[in-house]
Amino acid sequence: MKTVFAISFLVLFCSTIAFAQQKNPAKNYFPDVPLIDQDGKMHRFYSDLQDGKVVIISSFHSDCKTIGPPMMASLRKVQQSLAGRATEFNIISISVDPVADTPAKEKAFASMYKPGPGWYFLTGENANVDLVLRKLGMYVARVEDHTSILIVGNV
């Protein structure tokens, strides 16, 4: 009888865990690694920046002179047009060159576009940045190859 009870408890416990994981598959998919914004503040990628928000995600590097400037200017217009709903969304711009793009360098770059609250220019440890970029399909071997594609959605 104890064996049947133990097996039943184990099955129920595992089912509860599986159900909880299925309830929010995004939490299991997106890395919750720490990244650093242009102000030097740490944010967990999933729980701090995505959970409960509509997000617009882009990749960049602060030395880009081609697609970066017009893309950032367009994101600024988007942020301005959504100003009344600022608490509902985040713009997440992730550097493809985390070694060169320090928070201070990102702050100088970001200042050209006058980002409002909720726009994060992110960098961090190489491994964390690469993990996030790979999950998003935005990883590039050469910084000049960063994409101009935006990801828009919510979890």
Side-chain angles (χ1 to χ4, degrees), residues 16-155:
T16 303
I17 290 173
F19 178 74
Q21 289 176 342
Q22 290 174 356
K23 196 171 176 182
N24 190 352
K27 186 175 183 176
N28 296 325
Y29 181 80
F30 292 106
D32 205 26
V33 295
L35 298 175
I36 310 298
D37 72 14
Q38 68 271 25
D39 296 317
K41 184 177 178 192
M42 189 275 295
H43 303 274
R44 294 218 164 263
F45 182 66
Y46 174 79
S47 58
D48 295 337
L49 300 174
Q50 291 184 280
D51 193 21
K53 300 278 187 178
V54 173
V55 295
I56 302 169
I57 303 173
S58 67
S59 64
F60 78 101
H61 68 93
S62 63
D63 292 324
C64 182
K65 304 292 185 237
T66 56
I67 63 173
M71 187 167 72
M72 295 299 154
S74 294
L75 286 171
R76 177 62 184 150
K77 289 179 184 176
V78 169
Q79 188 177 47
Q80 288 172 325
S81 71
L82 296 172
R85 303 176 70 186
T87 60
E88 298 173 31
F89 75 95
N90 284 331
I91 298 176
I92 303 169
S93 298
I94 306 168
S95 174
V96 296
D97 192 4
V99 173
D101 285 339
T102 63
K105 191 171 180 183
E106 285 189 346
K107 182 139 183 116
F109 176 78
S111 70
M112 294 186 291
Y113 304 101
K114 299 175 179 62
W119 190 352
Y120 302 91
F121 290 79
L122 301 173
T123 190
E125 292 182 19
N126 259 353
N128 291 345
V129 172
D130 286 355
L131 176 63
V132 169
L133 290 171
R134 286 180 191 279
K135 275 293 195 177
L136 296 171
M138 294 179 148
Y139 175 82
V140 292
R142 295 175 344 130
V143 298
E144 333 41 78
D145 294 335
H146 76 90
T147 182
S148 61
I149 296 172
L150 301 174
I151 297 173
V152 180
N154 64 18
V155 296

K.L.:
With side chain to side chain contact (heavy atoms under 4.5 Å, CB included) as the test, would you mind laying out the steps for Met71 and Leu150 before giving the verdict?
P.N.:
CA-CA 9 Å; Met71 187 167 72; Leu150 301 174; 4.2 Å; yes

K.L.:
To the closest 0.5 Å, what do you measure between CZ (Phe45) and CD1 (Ile94)?
P.N.:
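Interatomic distance, Phe45 CZ to Ile94 CD1, rounded to 0.5 Å: 4.5 Å.
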
K.L.:
So which atom in Pro98 and which in Asn126 form the shortest heavy-atom distance, rounded to 0.1 Å?
P.N.:
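Residues Pro98 and Asn126, closest heavy atoms: CG-OD1, 2.8 Å.
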
K.L.:
So, does Asn128 use its side chain to make a donor-acceptor pair with the main chain of Leu35 at under 3.5 Å?
P.N.:
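Checking the backbone N and O of Leu35 against the side chain of Asn128, no donor-acceptor pair under 3.5 Å is found.
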
K.L.:
For a quick test of reading the model, state the closest non-hydrogen atom pair linking Val140 to Asp145 and the distance between them.
P.N.:
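Here Val140 and Asp145 meet closest at CG1-O, 3.3 Å.
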
K.L.:
For atom CD of Glu144, decide whether the heavy atoms of other residues, nucleotides or ligands shown that lie under 6.0 angstrom number more than 12.
P.N.:
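Yes, the 6.0 Å shell around CD holds more than 12 heavy atoms from other groups.
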
K.L.:
Would Met138 and Ile57 count as a side chain to side chain contact (heavy atoms under 4.5 Å, CB included) if you check the C-alpha gap in whole Å, the side-chain angles of each, and the deciding distance to 0.1 Å?
P.N.:
CA-CA 10 Å; Met138 294 179 148; Ile57 303 173; 4.2 Å; yes

K.L.:
For atom CD1 of Ile149, is the number of surrounding heavy atoms from other residues, nucleotides or ligands below 6.0 Å larger than 12?
P.N.:
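Atom CD1 in Ile149 is not packed in, count stays at 12 or less.
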
K.L.:
Please tell me if the side chains of Leu122 and Val132 come closer than 4.5 Å, counting only heavy atoms from C-beta onward.
P.N.:
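Side chain of Leu122 against side chain of Val132, heavy atoms only: no contact under 4.5 Å found.
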
K.L.:
Checking the side chain of Lys53 only, and the main-chain atoms of Val155 only, is there a donor and an acceptor separated by less than 3.5 Å?
P.N.:
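Checking the backbone N and O of Val155 against the side chain of Lys53, no donor-acceptor pair under 3.5 Å is found.
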
K.L.:
Search all heavy atoms of Gln50 against all heavy atoms of Val55 and return the closest pair with its distance.
P.N.:
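Of all heavy-atom pairs spanning Gln50 and Val55, the closest is CA-CG1, 4.0 Å.
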
K.L.:
Tell me whether Tyr46 contacts the main-chain N or O of Asn28 through its side chain, where contact means a donor paired with an acceptor under 3.5 Å.
P.N.:
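No; zero donor-acceptor contacts below 3.5 Å.
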
K.L.:
If you measure from CD1 on Ile56 to CG on Leu75, what distance do you get to the nearest 0.5 Å?
P.N.:
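Output value for this atom pair is 6.5 Å.
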
K.L.:
Under a 3.5 Å distance rule, please check whether Asp51 uses its side chain to pair with a backbone N or O of Ser47 as donor and acceptor.
P.N.:
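No; judged by distance alone, with no hydrogens or angles, the pair does not exist.
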
K.L.:
Aromatic rings Phe60 and Phe109: how do their planes relate, parallel, tilted or perpendicular, breaks at 30° and 60°?
P.N.:
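The arrangement is parallel - the two ring planes meet at less than 30°.
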
K.L.:
With rounding to the nearest 0.5 angstrom, report the NZ to OG1 distance, Lys105 to Thr123.
P.N.:
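So the gap between those two atoms works out to 10.5 Å.
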
K.L.:
So, the side chain of Arg134 versus the backbone of Tyr139: is there a donor-acceptor pair under 3.5 Å, distance only?
P.N.:
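No.
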
K.L.:
Quick check for you: to the nearest 0.5 Å, what is the distance between Lys107 atom NZ and Asp37 atom CG?
P.N.:
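That separation rounds to 8.0 Å.
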
K.L.:
Is it the case that more than 12 heavy atoms not belonging to Lys27 sit under 6.0 Å from its NZ atom?
P.N.:
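Open: at most 12 neighbouring heavy atoms sit under 6.0 Å from NZ of Lys27.
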
K.L.:
Check the orientation of Tyr120 and His43. Use parallel for under 30°, tilted for 30 to 60°, and perpendicular for over 60°.
P.N.:
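Perpendicular: the ring planes of Tyr120 and His43 meet at over 60°.
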
K.L.:
Mind listing the closest non-hydrogen atom pair of Ile36 and Pro103 along with its distance?
P.N.:
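Nearest heavy atoms, Ile36 then Pro103: CG2-CG, 3.6 Å.
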
K.L.:
Tell me the closest heavy-atom pair linking Arg76 and Tyr113, and the distance in Å.
P.N.:
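Where Arg76 meets Tyr113 most closely, the heavy atoms are CD-O, 2.9 Å.
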
K.L.:
Between the side chain of Asp97 and the main-chain N/O of Asp101, is any donor-acceptor distance below 3.5 Å?
P.N.:
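It does not hold such a pair.
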
K.L.:
Taking Ile92's backbone N and O only, do any of them form a donor-acceptor pair with Asn90's side chain (distance below 3.5 Å, no angle check)?
P.N.:
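Looks like no, no N/O pair under 3.5 Å.
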
K.L.:
Quick check: does any side chain N or O of Gln79 sit under 3.5 Å from a backbone N or O of Gly116, one acting as donor and the other as acceptor?
P.N.:
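It does hold such a pair.
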
K.L.:
Among Asp63, Val96, Val99, which one satisfies side-chain contact (heavy atoms from CB on, under 4.5 Å) with Val143?
P.N.:
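The option that passes is Val96.
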
K.L.:
Quick check against the 3.5 Å criterion: does Gln38 have a side-chain atom that pairs as donor or acceptor with the backbone of Trp119?
P.N.:
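Present.
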
K.L.:
Could you tell me the separation between the CG atom of Asn154 and the CZ atom of Phe89, rounded to the nearest 0.5 Å?
P.N.:
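So the CG of Asn154 and the CZ of Phe89 are separated by 13.5 Å.
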
K.L.:
State, to 0.1 Å, how close Ser59 and His146 come at their nearest heavy-atom pair, and which atoms those are.
P.N.:
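Ser59 and His146 have their closest heavy atoms at O-ND1, 3.4 Å.
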
K.L.:
Determine whether Ser58 and Met72 make a side-chain contact, defined as any pair of heavy atoms from C-beta on separated by less than 4.5 Å.
P.N.:
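Answer yes - side chains close enough.
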
K.L.:
Within 45° of the axis and under 6.0 Å from the centre of the six-membered ring of Tyr29, does NZ or CZ of Lys135 qualify?
P.N.:
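Verdict for Tyr29: a cation-pi partner in Lys135.
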
